[in-house]
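To start, the structure itself, in structure tokens.
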Amino acid sequence: MDKGLKLLIVDDFATMRKVIRNILKQLGYENIVEAEDGSIALRVLKSQKIDLVISDWNMPNMTGLELLKAVRADEELKVTPFLMVTAEALQENVVAAVKAGVSNYIVKPFTAEAMNEKLQKILG
Amino acid sequence: MDVRFINAFLAGTTDVLRMMAFVEPRAGKAFLKKDNAAKGDVSGVIGLTGAARGSLALTFSEPCILKVVSNMLGEEQASINGDVKDAVGELTNMVSGSARKKLESEGLSVTAAIPTVVSGSGHSIRHVLGGPSIIIPFETDDGPFFVDVCLILTNGS
């Protein structure tokens with residue numbers, strides 16, 4: 001898998017962005033950009049080439065689900081791989097994310113191995 | 001309190017600490033808390049509604065949370081700073097999510113609010129319901145932490 005891919009982490013908690021960045025670094029990914037919510041992420045996606053979005057669900061301004069829908073509705077962004085990271089493991093959330101076209105879904109808490117497995121499924 | 005609650009929060013807490021912070025917590029015997037004083041230096045509190053309502057608090061001793069957050073971030077933490085408080089909120093959110101997933105499999109659908117974080121020696125935890133809560137004490141190699149749950153089944157659940 002290409003470790004030079006540019007990954008976008010979207011989470012309103014700075015600490016959680018650091019946790020995910022730390023895990024991605026352990027997995028060999030160094031080309032990482034961050035956004036604090038869905039609306040900022042959308043601006044980042046429109047201004048630079050992003051190979052994969054890793055987004056939290058619950059965020060102010062624009063949630064992860066709203067961001068996913070906006071990405072899938074955008075002609076230029078719609079094929080961007082999208083991994084949802086959330087503490088919301090309830091069945092209705094999974095169904096909503098799948099309906100909106102999520103590439104895969106990882107539930108907090110997770111290990112670096114679990115993250116690697118999801119990335120391989122999406123990018124491999 | 002329903003034993004399903006205790007089991008879900010016990011397992012959720014252990015999973016979160018083990019997976020996100022590589023810390024192996026050892027659970028002690030649960031007991032009834034009679035006052036509001038937290039038994040630690042920083043706490044995350046989250047409200048819960050749905051099939052059960054009430055709140056959950058995670059209260060950490062300073063050495064314990066510094067080790068947990070240092071492991072989570074891959075950066076040494078020397079004091080209870082903004083990053084540590086932020087992490088306590090996120091840990092509370094994750095324990096709640098993990099426990100709610102387990103409760104859902106028992107037919108109890110519970111939703112959570114946004115966590116808040118309180119710090120300072122001897123701070124108090126005031127649960128939404130105001131009644132007595134159950135404390136599950138945990139020990140780690142770097143000090144204790146406590147899971148403090150005050151939950152009741154909603155009518156019809």
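Keep in mind that the numbers below use all heavy atoms, side chains included, and drop hydrogens, waters and symmetry copies.
Checked against Thr111(A) for a side chain to side chain contact (heavy atoms under 4.5 Å, CB included), the options Met20(B), Arg18(B), Met19(B) give a single hit: Met19(B). Under the salt bridge (charged side-chain N to carboxylate O under 4.0 Å, His left out) rule, Glu75(B) has a single partner from Arg21(A), Lys18(A), Lys25(A), which is Lys18(A).
In the displayed structure, Lys118(A) atom NZ is contacted under 6.0 Å by more than 12 heavy atoms of other residues, nucleotides or ligands. Within a 6.0 Å sphere centred on CD of Glu62(B), other residues, nucleotides and ligands contribute more than 12 heavy atoms. Atom CD of Gln48(A) sits in a crowded spot, with more than 12 heavy atoms from other residues, nucleotides or ligands closer than 6.0 Å. The number of heavy atoms from other shown groups lying within 6.0 Å of CZ (Arg53(B)) does not exceed 12. More than 12 non-hydrogen atoms from other residues, nucleotides or ligands lie less than 6.0 angstrom from CG of Leu27(A).
Hydrophobic clustering, with ILVMFWY side chains joined whenever heavy atoms are under 4.5 angstrom apart, keeps Ile65(B) apart from Val118(B). Cluster annotation: Ile9(A) is connected to Leu119(A) through the hydrophobic network of ILVMFWY side chains, with a link wherever side-chain heavy atoms come within less than 4.5 Å.
Here Lys108(A) contributes atom NZ and Asp15(B) contributes atom CG; the two are 15.0 Å apart, rounded to the nearest 0.5 Å. Separating the CG atom in Asn93(B) from the CG atom in Asp56(A) is a distance of 8.0 Å, to the nearest 0.5 Å.
Within the 4.5 Å cutoff, side-chain heavy atoms of Met16(A) are placed close to those of Met94(B).
The greatest number of non-hydrogen atom pairs below 4.5 Å with chain B, out of Ala14(A), Pro109(A), Ala112(A), Ala114(A), is found for Pro109(A). No other option in Thr111(B), Asp86(B), Val95(B) has as many heavy-atom pairs under 4.5 Å with chain A as Asp86(B). Residue with the most contacts toward chain A among Val69(B), Val84(B), Asp83(B): Asp83(B) (heavy-atom pairs, distance under 4.5 Å).
Proximity to chain A (any heavy atom under 4.5 Å) is shown, for Val88(B), by neither the backbone nor the side chain.
Here the side chain of Asn22(A) pairs a donor or acceptor atom with the backbone of Met72(B) at under 3.5 angstrom.
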